[in-house]
Amino acid sequence: MASISWLHLTDLHCGMQGQGLLWPDVKEAFFDDLGRLHEKSGPWDLVLFTGDLAQQGSKAEYAELGKRLDKLWARFSELGSAPMLVMVPGNHDLVRPDATAATAALGGWHDKHELREEFWKKKSHPGRKLLQRAFKHYVAFAQQWRAAHPPPDAFGEFIETPGILPGEASTSFTKDGLRVALVGLNSAFLHLWGGDQSGKLSLEREQLAGVCGEDPPEWLQGHDLALLMTHHPQDWLATRAQDIVKKSILGRDRFFAHLY
């Protein structure tokens with residue numbers, strides 16, 4: 001029987017103040033838990049990481065993250081798994097930009113149709129350039145990890161398509177005849193300011209089209225299983241964006257699950 005198995009992880013926050021002293025104890029308990037879980041649901045084909053891998057999105061944090069993930073993958077190997085990592089960025093995976101610049105580029109997103117239209121139309125839009133700078137260390141780490149850890153041989157017809165926003169991609173492959181789609185969207189692109197941003201964030205139709213093509217429903221229907229990955233849950237989105245997610249992203253059961 002064709003099957004696919006995954007482990008869902010989130011919010012490591014590598015680099016958080018005080019974490020260095022706590023991490024050895026947490027790692028020991030975590031690695032023990034992985035052993036017990038692997039007996040029930042392993043071996044795992046995928047590790048799906050839904051953001052906040054780092055704390056402040058710095059280059060140094062991602063260097064440390066690489067070391068931690070190397071040890072984690074060594075643990076997977078001990079257990080008998082060799083999973084591929086697929087991840088999306090969270091609001092801690094960026095270097096927070098100057099608030100004035102962020103407001104000038106993206107402030108009033110939900111109220112300004114013209115701003116959204118220009119943002120998606122122009123690659124040179126100040127908001128898109130600001131996001132590229134903010135997420136540059138995350139993007140560099142993701143690229144380096146994929147280069148060092150290519151897809152397993154068991155994954156055939158492997159296609160990875162980057163999206164419009166940093167960290168977005170669709171991943172399409174077959175395993176044992178099962179066609180799988182992983183869609184990762186950046187829900188943190190408006191989470192650039194301090195304070196509580198719950199109910200203020202967004203996911204847009206253009207993001208889904210950016211990774212799935214002009215006809216996302218048709219693209220998704222070409223797969224036996226599709227998973228959506230974001231950092232934030234839907235209730236962190238503005239009302240306008242929640243409607244878009246329900247009608248134009250999730251649609252009529254396009255995804256088996258939404259992981260966040």
Side-chain angles (χ1 to χ4, degrees), residues 8-20 22-23 26-27 46-73 83-106 109 119 123-151 160-171 182-195 197 201-203 207 210-211 229-232 236 259-260:
H8 177 203
L9 300 177
T10 193
D11 290 77
L12 178 59
H13 289 276
C14 185
M16 179 184 289
Q17 186 176 3
Q19 191 184 78
L22 296 174
W23 175 245
V26 173
K27 182 186 72 173
L46 300 162
V47 170
L48 306 179
F49 211 120
T50 50
D52 282 359
L53 292 89
Q55 175 65 12
Q56 294 182 320
S58 70
K59 187 175 181 180
E61 287 176 350
Y62 285 111
E64 176 60 28
L65 173 66
K67 296 176 183 177
R68 292 191 184 182
L69 292 185
D70 283 341
K71 293 181 180 179
L72 177 56
W73 256 252
M84 182 180 73
L85 174 64
V86 179
M87 55 186 179
V88 292
N91 53 290
H92 283 271
D93 289 310
L94 61 95
V95 177
R96 186 168 291 173
D98 176 77
T100 301
T103 300
L106 296 171
W109 176 268
F119 178 89
K123 292 183 179 180
S124 61
H125 189 280
R128 288 174 67 165
K129 289 187 174 182
L130 180 144
L131 291 173
Q132 289 168 3
R133 293 192 298 270
F135 286 97
K136 67 178 182 179
H137 298 310
Y138 170 89
V139 171
F141 174 79
Q143 292 173 343
Q144 292 167 4
W145 181 270
R146 174 65 76 245
H149 303 83
E160 199 163 33
T161 305
I164 297 174
L165 299 184
E168 294 188 328
S170 67
T171 306
L182 308 173
V183 174
L185 302 182
N186 185 339
S187 64
F189 75 96
L190 292 182
H191 204 156
L192 306 175
W193 297 268
Q197 297 301 316
L201 304 181
S202 195
L203 287 169
Q207 293 175 260
V211 297
M229 299 171 57
T230 65
H231 177 61
H232 297 87
W236 275 68
L259 307 181
Y260 50 82

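In this structure, OG in S58 is found 10.5 Å from CD in E64, a value given to the nearest 0.5 Å. The line from CG of D98 to OG1 of T103 is 8.5 Å long, rounded to the nearest 0.5 Å. Rounded to the nearest 0.5 angstrom, W193 CH2 and R96 CZ are separated by 10.5 Å. Considering CG of L65 and NE2 of H13, their distance stands at 12.0 Å, rounded to 0.5 Å. One finds the OH atom of Y62 at 13.0 Å from the CZ atom of R68 (value rounded to the nearest 0.5 Å). Rounded to the nearest 0.5 angstrom, D11 CG and Q55 CD are separated by 10.0 Å.
Counting only heavy atoms from C-beta outward, the side chains of L201 and N91 never approach each other to under 4.5 Å. Side chains of Q19 and V26 form no contact here, defined as non-hydrogen atoms less than 4.5 Å apart. The shortest distance between side-chain heavy atoms of H149 and L85 does not fall below 4.5 Å. T171 has its side chain within reach of M84: a pair of non-hydrogen atoms, C-beta onward, lies under 4.5 Å apart. When side chains are defined from C-beta on, M229 counts as touching V86, because their heavy atoms get closer than 4.5 Å. Counting heavy atoms from C-beta outward, Q132 and V139 have side chains that stay 4.5 Å or more apart. In this structure, the side chains of Y138 and N186 stay at 4.5 Å or more apart for every pair of heavy atoms. Residues L192 and L131 are in side-chain contact: their nearest non-hydrogen atoms beyond the backbone lie under 4.5 Å apart.
Here the side chain of E160 pairs no donor or acceptor atom with the backbone of A169 at under 3.5 angstrom. Of the possible donor and acceptor atoms, one in the side chain of D93 sits under 3.5 Å from a partner among the backbone N and O of D52. A donor-acceptor pair under 3.5 Å links the side-chain atoms of S187 to the main chain of H232, judged by distance alone.
The two atoms that bring Y260 and H8 nearest to each other are O-CE1, 3.4 Å, heavy atoms only. Taking both residues in full, the closest heavy atoms of L259 and T50 are given as O-CG2, 3.6 Å, listed atom of the first, atom of the second, then distance. When all heavy atoms of H92 and A54 are compared, the closest pair comes out as CB-O, 3.3 Å. Nearest approach of P97 to L130, heavy atoms of both residues: CG-CD2, 3.8 Å. Here the closest heavy-atom approach between residue P89 and residue A188 is recorded as O-CB, 4.4 Å. In this structure, F135 and P166 approach most closely via the heavy-atom pair CB-CB, 3.6 Å.
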Practice problem: Mind running side chain to side chain contact (heavy atoms under 4.5 Å, CB included) on L182 and L46 for me, showing each step along the way? | Solution: CA-CA 10 Å; L182 308 173; L46 300 162; 4.1 Å; yes

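W109 has its ring centre less than 6.0 Å from the ring centre of F119. Taking the six-membered ring wherever Trp is involved, the centroid distance between the rings of F49 and W145 does not fall below 6.0 Å.
The closest side-chain donor-acceptor pair between H191 and H231, if any, does not fall under 3.5 angstrom.
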